[in-house]
*Asks:* 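Would you mind keeping the following structure in view while I ask a few things?
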Amino acid sequence: MDGADRSGEGLAVEERIEQRIGAWPADAGEARALQERLAPLVRQEALDTGAVSLVAGLDVAYAPGDDRLVAAAVVLAAPEWEAVDSATVVSRPRFPYVPGLFAFREAPALLEAVAQLRTAPDALVCDGFGLAHPRRFGLACHVGLALDRPVLGVGKTPFVGRADAPAPERSSWTPLLDGGEVVGRCLRTRSGVKPVYVSVGHRVDLPSATALTLRLTPHYRLPEPVRQADRLCRKRLAAA
DNA sequence: GCGACAG
DNA sequence: ATCTTGTCGC
């Protein structure tokens with residue numbers, strides 16, 4: 001009754017992250033070492049995507065002038081994917097932008113936004129990558145381990161690896177290969193439109209991540225949750 | 001050594 | 001990510 005086991009309530013987000021995924025890195029070297037240490041903890045498992053009814057989308061917008069950023073988390077409900085909950089957080093980057101260390105920049109604010117949600121999503125979608133990362137531990141993996149929930153990453157441009165162009169029809173895909181390893185899929189979410197790159201974050205496997213991404217793209221190239229989160233953080237940034 | 005490099 | 005107008009096409 002003294003709050004010793006209140007699951008991190010009242011703690012700073014960075015402290016909660018430390019509880020879940022380790023000490024906060026002081027520099028890029030430590031950050032890379034942390035990723036290498038955590039990468040083996042990512043679990044790939046089948047997800048019953050048909051049973052998924054609440055999906056959260058995560059995204060961040062940056063202020064042009066100062067160093068403010070706004071992180072947004074939006075929860076959408078199947079089957080129409082209308083927004084049922086959302087939260088935004090105004091923060092500052094705690095890490096410089098370094099390709100491959102992207103998560104140290106955005107994850108703290110994103111996790112804080114997720115913590116403010118009143119609805120627990122069945123799965124989350126990040127604007128970025130998971131295993132399709134130099135050390136197999138991108139943003140979606142950071143978020144997945146921190147929350148211990150199913151998370152997948154959907155990127156707009158390739159980062160690591162290469163893939164042949166998938167056929168022009170929606171739902172066609174090709175493996176994203178890096179060093180002879182399948183790290184994700186290049187997936188056509190809309191016929192005749194530039195494909196996206198799907199990868200595993202945590203507690204989901206590639207087939208499930210692909211199926212869920214297709215279910216989340218009934219109208220546009222990017223998953224509906226990510227689009228909504230993008231809209232919200234931009235709007236919040238303009239208002240602030 | 002050089003280039004490329006999620007958002 | 002953000003800076004930026006119009007323009008072509010469904």
Side-chain angles (χ1 to χ4, degrees), chain A residues 28-29 31-32 34-35 38-39 42 57-74 88-114 124-145 151-163 168 170 176-179 181 183-187 189-202 206 209 213 218-223 225-240:
Chain A
R32 294 189 184 95
L34 178 59
Q35 291 180 324
L38 297 174
V42 171
L58 275 39
D59 196 20
V60 170
Y62 294 85
D66 51 78
D67 64 345
R68 288 173 311 147
L69 63 78
V70 175
V74 181
T88 58
V89 167
V90 180
S91 182
R92 316 259 176 192
R94 290 174 178 71
F95 220 80
Y97 172 69
V98 180
L101 301 181
F102 187 49
F104 294 98
R105 212 173 146 69
E106 299 198 343
L110 288 172
L111 292 171
E112 196 171 321
V114 171
L124 300 93
V125 186
C126 287
D127 184 0
F129 295 106
L131 294 178
H133 176 278
R135 288 166 294 282
R136 308 293 183 258
F137 201 73
L139 174 65
C141 299
H142 282 253
V143 172
L145 283 199
V151 179
L152 59 115
V154 177
K156 299 181 285 293
T157 62
F159 182 31
V160 294
R162 59 166 301 159
R170 164 176 155 91
L176 177 60
L177 299 166
D178 184 41
E181 206 177 330
V183 295
R185 284 180 182 176
C186 180
L187 175 69
T189 53
R190 307 298 307 161
S191 294
V193 175
K194 192 204 300 190
V196 299
Y197 298 82
V198 178
S199 59
V200 169
H202 188 49
L206 253 186
T213 299
H219 305 303
Y220 301 94
R221 177 170 86 115
L222 296 178
V226 170
R227 292 187 66 248
Q228 296 300 320
D230 179 77
R231 279 184 34 174
L232 181 59
C233 59
R234 285 175 194 266
K235 180 179 178 180
R236 182 72 155 72
L237 188 59

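Computed from a predicted model, the values in this text were never measured in an experiment. Chain letters run A, B, ... following the sequence lines, proteins first, then strands; residues in each count from 1.
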*Asks:* A:Ala163: which residues meet the side chain to side chain contact (heavy atoms under 4.5 Å, CB included) condition with it, sequence neighbours left out?
*Replies:*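 Side chain to side chain contact (heavy atoms under 4.5 Å, CB included) list for A:Ala163, sorted by chain: A:Thr174, A:Leu176, A:Cys186.
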*Asks:* What integer distance in Å separates A:Phe95:CZ from B:dA6:P?
*Replies:*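 In whole Å, B:dA6 P and A:Phe95 CZ are 17 Å from each other.
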*Asks:* Starting at CG of A:Leu152 and ending at P of B:dA6, how long is that distance when rounded to a whole Å?
*Replies:* 19 Å
*Asks:* I'd like to know whether A:Arg94 forms a side-chain contact (heavy atoms from CB on, under 4.5 Å) with A:Arg105, so could you lay out the CA-CA distance, the side-chain angles of the two residues, the decisive distance to 0.1 Å, and finally the verdict.
*Replies:* CA-CA 6 Å; A:Arg94 290 174 178 71; A:Arg105 212 173 146 69; over 6 Å; no
*Asks:* Please, what dot-bracket string fits DNA chain B when only Watson-Crick and G-U pairs with both distances under 3.5 Å count, crossing ones use [ ] and pairs to another strand use |?
*Replies:* .......
*Asks:* If you look at every strand shown and take non-hydrogen atoms under 4.0 Å, does A:Leu101 touch a base, only sugar-phosphate, or nothing?
*Replies:* base
*Asks:* If the sugar-phosphate is the primed atoms plus P, OP1 and OP2 and the base is the rest, what is the B/S/- string for nucleotides 3-10 of chain C, using protein heavy atoms under 4.0 Å?
*Replies:* S-------
*Asks:* Tell me every residue that passes ring-ring contact (aromatic ring centres under 6.0 Å, His included) with A:Phe137, counting only those two or more places apart in sequence or in another chain.
*Replies:*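 If we apply the ring-ring contact (aromatic ring centres under 6.0 Å, His included) test to A:Phe137, skipping adjacent residues, the hits are A:His142.
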*Asks:* So, is A:Tyr97 near the phosphate of B:dA6, with a side-chain N or O under 4.0 Å from OP1 or OP2?
*Replies:* yes
*Asks:* Can you find a heavy atom in the side chain of A:Thr213 that is under 4.5 Å from one in the side chain of A:Leu187?
*Replies:* yes
*Asks:* Expressed as a whole number of angstroms, how long is the span from A:His142:NE2 to B:dA6:C1'?
*Replies:*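 Answer to the nearest Å: 12 Å.
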*Asks:* Is a side-chain donor or acceptor of A:Gln35 paired with a backbone partner of A:Gly100 at a separation under 3.5 angstrom?
*Replies:*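 Yes: the side chain of A:Gln35 pairs with the backbone of A:Gly100.
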*Asks:* Does anything in residues 124-137 of chain A reach DNA chain B, meaning a heavy atom under 4.0 Å, and if so which residues?
*Replies:*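 Close to the strand are A:Asp127, A:Phe129, A:His133.
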*Asks:* Taking salt bridge (charged side-chain N to carboxylate O under 4.0 Å, His left out) as the cut-off, I'd like each qualifying pair that reaches into residues 231-240 of chain A, sequence neighbours left out, listed once.
*Replies:* A:Asp230-A:Arg234
*Asks:* Checking A:Ser199 side chain against A:Gly184 main chain: does a donor-acceptor pair fall under 3.5 Å?
*Replies:* no
*Asks:* In whole Å, I'd like the distance from the CG atom of A:Asp178 to the P atom of B:dA6.
*Replies:* 14 Å
*Asks:* Who pairs with A:Pro99 by side chain to side chain contact (heavy atoms under 4.5 Å, CB included), at least two apart in sequence or on another chain?
*Replies:*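 A:Pro99 satisfies side chain to side chain contact (heavy atoms under 4.5 Å, CB included) with A:Tyr97, A:Phe159 once adjacent residues are dropped.
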*Asks:* Please report, rounded to the nearest Å, how far the P atom of C:dA1 is from the CG atom of A:Asp67.
*Replies:* 18 Å
*Asks:* Verify, without hydrogens or angle tests, whether A:Arg136 (side chain) and A:His133 (backbone) share a donor-acceptor contact under 3.5 angstrom.
*Replies:*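 Yes, the answer is positive, given that a donor and an acceptor are paired below the 3.5 Å cut-off.
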*Asks:* Using a cut-off of 4.0 Å on non-hydrogen atoms, how would the nucleic acid contact of A:Tyr62 be classed: base, sugar-phosphate, or nothing?
*Replies:* sugar-phosphate
*Asks:* Mind checking what makes salt bridge (charged side-chain N to carboxylate O under 4.0 Å, His left out) contact with A:Asp59, not counting sequence neighbours?
*Replies:* none
*Asks:* Quick check for you: among C:dT2, B:dC5, B:dG7, whose closest atom lies nearest to any side-chain atom of A:Asp59?
*Replies:*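 That would be B:dG7.
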*Asks:* Do A:Leu101 and A:Phe95 have side chains that approach each other closer than 4.5 Å (heavy atoms only, starting at C-beta)?
*Replies:*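 Counting from C-beta outward, A:Leu101 and A:Phe95 do come under 4.5 Å.
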*Asks:* Could you state the CZ-C1' distance from A:Arg68 to C:dA1, rounded to the nearest angstrom?
*Replies:* 14 Å
*Asks:* Would you mind classifying the nucleic acid contact of A:Leu69 as base, sugar-phosphate or nothing, using non-hydrogen atoms under 4.0 angstrom?
*Replies:* nothing
*Asks:* Could you tell me which residues satisfy salt bridge (charged side-chain N to carboxylate O under 4.0 Å, His left out) with A:Arg162, sequence neighbours excluded, listed by chain and number?
*Replies:* none
*Asks:* Run the numbers on A:Cys233 and A:Thr88 for side-chain contact (heavy atoms from CB on, under 4.5 Å), then give the verdict.
*Replies:* CA-CA 7 Å; A:Cys233 59; A:Thr88 58; 5.5 Å; no
*Asks:* Validate the cation-pi geometry between A:Arg185 and A:Tyr197: distance from NZ or CZ to the six-membered ring centre under 6.0 Å, angle to the ring axis within 45°.
*Replies:*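 No cation-pi geometry.
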*Asks:* Applying ring-ring contact (aromatic ring centres under 6.0 Å, His included), name anything that partners A:Tyr62, two or more places apart in sequence or on another chain.
*Replies:*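 Expected list: none.
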*Asks:* Atom CZ of A:Phe159 to atom P of B:dA6: distance rounded to whole Å?
*Replies:*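 Rounded to the whole Å, the gap is 6 Å.
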*Asks:* side-chain contact (heavy atoms from CB on, under 4.5 Å) for A:Val60 and A:Leu110? Distances and angles first, verdict last.
*Replies:* CA-CA 8 Å; A:Val60 170; A:Leu110 288 172; 3.6 Å; yes
*Asks:* With respect to the phosphate group of B:dA6, does any side-chain polar atom (N or O) of A:Arg105 fall under 4.0 Å of OP1 or OP2?
*Replies:*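 For B:dA6, neither OP1 nor OP2 has a side-chain N or O of A:Arg105 closer than 4.0 Å.
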*Asks:* Could you write out each protein N or O paired with an N or O of nucleotides 2-4 of chain B at a distance under 3.5 Å?
*Replies:*
none

*Asks:* Output yes when at least one side-chain N/O atom of A:Lys156 is less than 4.0 Å from OP1 or OP2 of B:dG7, else no.
*Replies:* yes
*Asks:* Across the strands shown, which category fits A:Gly153 at heavy-atom distances under 4.0 angstrom: base, sugar-phosphate, nothing?
*Replies:* nothing
*Asks:* Given that both pair distances must be under 3.5 Å and the pair must be Watson-Crick or G-U, what runs of three or more consecutive pairs involve DNA chain C?
*Replies:* none
